[in-house]
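Notes follow the structure.
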Amino acid sequence: MKLLRQIVEPRLETLLASKGIEHGMWASALQPSRESDQGDLTLPCFAFASILRQAPQQIADTIANEFPELDCLQSISAVNGYLNFKANPVWLAQQILAGAVHVGDATKNSESASRSVLIEHTSANPNGPFHVGRARNAILGDTLVRLHRLHGDEVRAEYYVDDMGKQVGVLAWALEHLSEEEVNSLLSNRSKPSERWLHKEDHQRVRWYQAAQILRSDSDETKKAEIESEIGRLVHASEHGDQEVLQSFEDAYSPVLEGMLETLGRLGISFSTFTKESKFVVEGTVSQLMETLDNLDIAGTADNGAGYLDLGARGLKGKTEFFFRRGDGSSLYATRDVAYHQWKWGQSNRLINVLGEDHKLQAKQVGMTLEELGSKRPEVLFYSFIKLPEGKMSTRKGNVVFMDDLLEEAHAQAAVVVKELRPDYGDEQIAAIAEAVGTAAVRFNIIKVSPEKGFTFRWEEALAFEAGSAPFIMYSHTRACSISRRASGLDQTPVSVPDIGTMPSGLVELMRLMCCHNDVLEHAVEQQKTHIFALHMLELANAYNGFYRDCHVLNDNLVDGFFYEISELGRSLLRTGLQGLGISPIEQM
RNA sequence: GGGCGUGUAGCACAGCUGGAUAAUGCAUCGGCCUCCUAAGCCGAAGAUCGCGGGUUCGAAUCCUGCCGCGCCCGCCA
């Protein structure tokens, strides 16, 4: 709790300095209490024992006794060698009424000024519909974007379009060479595409891609060689900036990308800018880069003329050669990525990438190369892949859960629940609530776990609507909205902070969490840990429910002024927090 | 084989810049709708923190050796 810390820390510094203990040795030890009934801030005194030659408990006792009395503190206690500072609920209430908890712009609560951030996420190959495996990137990335914005940062959300690789090459080749009949016959033993998505090009064109992949692996050798050489010619041409080929690629993938973006839009995910990979080839920055790399002292050349950097000389373990140029002189994906990052550093002074764990080595190589060139490394948020209970997902093999299907299913299941719980709602209202709840449940299911953890997608978990899920938070918000609606126009008692003895636990707990709200947001944004904020939102909702239980805002058509203020702040924090998680803060459900 | 990550109640998951009785949800068992929406609230039970060593006043957290799982180790993207 920063609010409290700002007051307590300087006093503590003076007091401890008089005993010969410097600020530096305990500043990081002063932290939020683990048990909330013990206090709000805790200082372990064990480390002082050897300096003062006293038992930790004795030291804690002494400090507790000598610490000045402050309005902000309800109590200072010394337990088992820990010094616990407990905030005075009356003071918390006064802080809240005075507007100390800023909603929607935590930077007002922090010394760090507003910064500009460029967050690149998703950047999926536009070769087929979005599936759940890819979704972790998009949901994680978009949540990061939203939380940074909530924090007050200026954020640019960027999608790097892979418009010249083999994947797009295969798609373009297939669209040109395969008829619908051929595709259907090649895919005849696979499950038919859903009728529902006939209008979406991503679902249509992926079949050409899959059919081509079958031909590439199952044809006879002559046919295989013929296909490979044709695709190779296209890819090669694209890598040399051939405008005609690049245009044919774009014609092939654009409708797919559009379909993918439509799906993402349903999840509330959108981008500020799209940057095409080919840009750096066409503009010549990649070839300039390769020349520069050639002149580095760790550069080497293979027998066939291929260029590489010996990153082992800079401490990279395992495979030490990082190839940036093929024998034929063309660039590689990673080379273009280096050029892309150099360009990105010209766009923003903080770069964050969201990448799958399979990109770890590549990201390291790119990062080291950037440093070799005098640039900085971007910050990277890695995540583990989402698996199905049956195994890994793959667009090529076709064993995927499409995001479109998941969202339909989420909507349908949510609709069943709404209908059951609110039989008086009309169809339109049910549909609107089901859409918000369904998409929220899907997002939250992914956001609430830490990204490096392996994740197995299970329907029953994604669509759980109980405590610990997005609808739990949404529900608390609707309670606050309901109170807000009912209170408007009614008479109100004067807003005054109640006596400390009359404050129920539900009220105190909520006020405490409110006063930590922006601390948590700042922490989440600085550490790129979206799940910390997601879990905090669950706690906030839980605390609001406790307040709702203990404190009645409305009593016989008279509004309690103070409770109303608390409820309204709760409503704002819940609303903006939900938006920060990409969840639609509906007012009724 | 090498590199990176991960292993916490039946299941899922938080805590990991060392600190108090390891937090939370699901499932299980019990209680609460004449009272602002019960998608809620209150309570009970459930954990050799993968296994073995080490460092420390103190280890789920740091070091080390095993074991399981995941990802990577292309002049692919």
5' priority, RNA chain B, between A/P451 and A/R486 [closest heavy atom]: A/P451

Checking N1-N3 plus N6-O4 or O6-N4 for Watson-Crick, or N1-O2 and O6-N3 for wobble, each under 3.5 Å, the partner of B/G10 is B/C26

Length of the line joining A/L554:CG and B/C36:C1', which is rounded to integer Å: 5 Å

Using a 4.0 Å heavy-atom cut-off across all strands, classify A/Y425 as base, sugar-phosphate, or nothing. base

Is the phosphate of B/A12, meaning OP1 or OP2, less than 4.0 Å from a side-chain N or O of A/K448? no

Examine distances only and state if a side-chain atom of A/R205 and a backbone atom of A/A252 form a donor-acceptor pair shorter than 3.5 Å. yes

Under 4.0 angstrom, heavy atoms only, what part of the nucleic acid is A/E239 near: base, sugar-phosphate, or nothing? sugar-phosphate

What is the nucleic acid contact for A/E321, judged by heavy atoms within less than 4.0 Å: base, sugar-phosphate only, or nothing? nothing

B/A60 pairs with, by Watson-Crick or G-U criteria that keep both distances under 3.5 Å: none

Answer syn or anti for B/C33, where the cut-off is 90° from 0 on the glycosidic torsion. syn

Short question: side chain of A/N137, backbone of A/V354 - any donor-acceptor pair under 3.5 Å? yes

Quick one: label A/M164 by what it contacts on the DNA or RNA (base, sugar-phosphate, nothing), any heavy atom closer than 4.0 Å. nothing

Please name the nucleotide paired to B/G74 by Watson-Crick or G-U wobble geometry with both distances under 3.5 Å, or report none. none

Need one value for A/C481: base, sugar-phosphate or nothing, where a base atom within 4.0 Å counts as base even if backbone is also close, heavy atoms only. nothing

NA contact type, A/V235, heavy-atom cut-off 4.0 Å: base, sugar-phosphate, or nothing? nothing

For A/Q362, answer base if it contacts any base atom (sugar-phosphate contacts may also be present), sugar-phosphate if it contacts only those atoms, and nothing otherwise; contact means non-hydrogen atoms under 4.0 Å. base

Counting the atoms with a prime plus P, OP1 and OP2 as sugar-phosphate, which does A/L355 contact under 4.0 Å by heavy atoms, base, sugar-phosphate, or nothing? nothing

Mate of B/C33 where both pairing distances stay under 3.5 Å, Watson-Crick or G-U: none

Output yes when at least one side-chain N/O atom of A/N542 is less than 4.0 Å from OP1 or OP2 of B/C41, else no. yes

Verify the distance criterion only: is there a donor paired with an acceptor across the side chains of A/S484 and A/E568 at less than 3.5 Å? yes

Under the criteria of a ring-centre distance below 5.5 Å and an interplanar angle below 30°, is A/H552 stacked with the base of B/C36? yes

Compute the centroid of each ring, for A/Y383 and then for A/H359, and state whether the two points are separated by less than 6.0 Å. no

Does OP1 or OP2 of B/C36 have a side-chain N or O of A/Y564 closer than 4.0 Å? no

Is there a side-chain contact between A/R479 and the phosphate of B/A39, meaning an N or O under 4.0 Å from OP1 or OP2? no

Give the rounded distance in Å between these two atoms: CZ of A/F455 and C1' of B/G7. 17 Å

Tell me the interatomic distance from A/E466, atom CD, to B/G25, atom C1', rounded to whole angstroms. 9 Å

Check this one for me: any side-chain N or O of A/R485 less than 4.0 Å away from OP1 or OP2 of B/C36? no

Would you mind classifying the nucleic acid contact of A/N125 as base, sugar-phosphate or nothing, using non-hydrogen atoms under 4.0 angstrom? sugar-phosphate

Which of A/E158, A/H341, A/H121 passes side chain to side chain donor-acceptor pair (under 3.5 Å) with A/N353? Answer is A/H341

OP1 or OP2 of B/A14 under 4.0 Å from side-chain N/O of A/S450: yes

For a quick check of understanding: with a heavy-atom distance under 4.0 Å over all strands, which category does A/A467 fall into, base, sugar-phosphate or nothing? sugar-phosphate

Could you tell me whether A/F472 contacts a base, only the sugar-phosphate backbone, or nothing, with contacts defined as non-hydrogen atoms closer than 4.0 Å? sugar-phosphate

Using a heavy-atom cut-off of under 4.0 Å over every strand shown, decide if A/N84 touches base, sugar-phosphate, or nothing. base

Is the phosphate of B/A77 approached by A/R336 (side-chain N or O, under 4.0 Å from OP1 or OP2)? yes

A/H359 vs B/A77: side-chain N/O to OP1/OP2 distance below 4.0 Å: no

Name the pairing partner of B/G5, where a pair is Watson-Crick or G-U wobble with both distances under 3.5 Å, or state none. B/C69

With nearest nucleotide decided by heavy atoms, which residue, A/L538 or A/V449, maps closer to the 5′ end of RNA chain B? A/V449

Can a salt bridge be assigned to the pair A/R233 and A/E230 using a cut-off of 4.0 Å between side-chain N and carboxylate O? yes

